[in-house]
Amino acid sequence: MGGMLINSIIDESIEKFNNIDKLILCPNRNIDKVRLFLNENGFMIVDEDIIYEDSKYYEILVVKKGYQKLSDKELYFGHILLNKKNRYFINKWKEYYEKIKNIENKIDEIKMIEEVLNES
């Protein structure tokens with residue numbers, strides 16, 4: 001389930017979560033937006049983990065009612081995952097870094113193609 005859908009479900013039913021001790025969430029994308037939503041809506045992340053299965057990384061959040069202040073870096077990477085830095089965490093971010101680094105290396109090429117297309 002995507003992070004935005006998780007946020008929407010929690011937001012629409014937030015009063016129902018008053019009697020729930022904890023939530024276990026595993027958004028498959030937009031996890032930083034889930035962390036931000038939780039941070040802004042009276043939930044705190046008490047544990048996080050990351051696993052790798054079938055060529056995909058999965059981040060798991062254990063959440064309870066409460067307040068915490070997380071930095072932008074902690075929202076992006078996960079404050080607990082930043083401390084754990086297990087092999088899956090390191091591998092995920094190395095792979096992502098290489099991916100966006102390759103994109104960055106293509107910027108000049110993209111600009112040149114745009115120039116040619118705009119001349120037509």
Side-chain angles (χ1 to χ4, degrees):
M1 185 180 305
M4 302 311 289
L5 180 56
I6 289 172
N7 288 353
S8 176
I9 290 169
I10 294 172
D11 190 41
E12 290 173 8
S13 308
I14 204 154
E15 66 282 346
K16 293 179 182 177
F17 292 103
N18 289 332
N19 298 325
I20 295 176
D21 184 44
K22 72 177 148 182
L23 300 171
I24 299 173
L25 307 173
C26 186
N28 58 13
R29 61 184 173 274
N30 300 116
I31 193 157
D32 56 326
K33 290 177 176 42
V34 173
R35 287 189 187 102
L36 177 62
F37 174 83
L38 295 168
N39 195 52
E40 292 176 342
N41 287 279
F43 295 94
M44 56 190 277
I45 299 164
V46 296
D47 199 8
E48 294 177 294
D49 212 342
I50 184 170
I51 59 172
Y52 183 77
E53 187 174 296
D54 296 330
S55 303
K56 292 186 182 192
Y57 294 97
Y58 297 94
E59 292 186 39
I60 303 159
L61 306 175
V62 179
V63 178
K64 291 187 175 192
K65 291 292 283 179
Y67 293 93
Q68 65 189 166
K69 179 65 178 148
L70 299 175
S71 69
D72 289 343
K73 183 178 177 180
E74 291 169 327
L75 290 169
Y76 191 75
F77 293 103
H79 69 290
I80 295 170
L81 290 176
L82 277 168
N83 288 322
K84 289 181 179 179
K85 287 187 183 171
N86 69 23
R87 65 184 172 146
Y88 301 122
F89 177 88
I90 298 299
N91 290 344
K92 174 187 175 176
W93 291 108
K94 278 184 179 178
E95 288 175 21
Y96 186 69
Y97 172 80
E98 289 302 321
K99 181 179 176 181
I100 62 174
K101 185 178 170 189
N102 288 336
I103 292 169
E104 182 182 309
N105 292 337
K106 298 287 184 182
I107 290 175
D108 289 338
E109 188 175 342
I110 290 168
K111 287 179 182 176
M112 186 171 60
I113 292 169
E114 285 175 344
E115 230 177 80
V116 168
L117 292 175
N118 288 332
E119 290 173 357
S120 349

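Count residues from 1 along the sequence.
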E74: salt bridge (charged side-chain N to carboxylate O under 4.0 Å, His left out) partners, not counting sequence neighbours
none
Only counting residues at least two apart or in another chain, list the ones meeting salt bridge (charged side-chain N to carboxylate O under 4.0 Å, His left out) with K106.
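K106 satisfies salt bridge (charged side-chain N to carboxylate O under 4.0 Å, His left out) with E109 once adjacent residues are dropped.
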For I20, which residues count as a side-chain contact (heavy atoms from CB on, under 4.5 Å) partner, sequence neighbours excluded?
F17, L23
If you link ILVMFWY side chains whenever their heavy atoms are less than 4.5 Å apart, which other residues fall into the same cluster as [X]? By chain and number, please.
X	answer
M4	none
I107	none
Y97	none

Could you work out, with side chain to side chain donor-acceptor pair (under 3.5 Å) as the rule, every residue matching [X], not counting sequence neighbours?
X	answer
K84	D47
N86	D49
E53	none

Pairs flagged by side-chain hydrogen bond (donor to acceptor under 3.5 Å, both in side chains) wherever residues 33-42 is involved - sequence neighbours left out:
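For residues 33-42, and leaving out neighbouring residues, the side-chain hydrogen bond (donor to acceptor under 3.5 Å, both in side chains) pairs sorted by first residue read R35-E48, R35-E59.
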Sorted by first residue and then second, give each ring-ring contact (aromatic ring centres under 6.0 Å, His included) pair with at least one member in residues 32-65; sequence neighbours left out.
Y52-Y57
Results of ring pair (Phe, Tyr, Trp, His ring centres under 6.0 Å) for Y88 - residues two or more places apart only:
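Y88 satisfies ring pair (Phe, Tyr, Trp, His ring centres under 6.0 Å) with no residue once adjacent residues are dropped.
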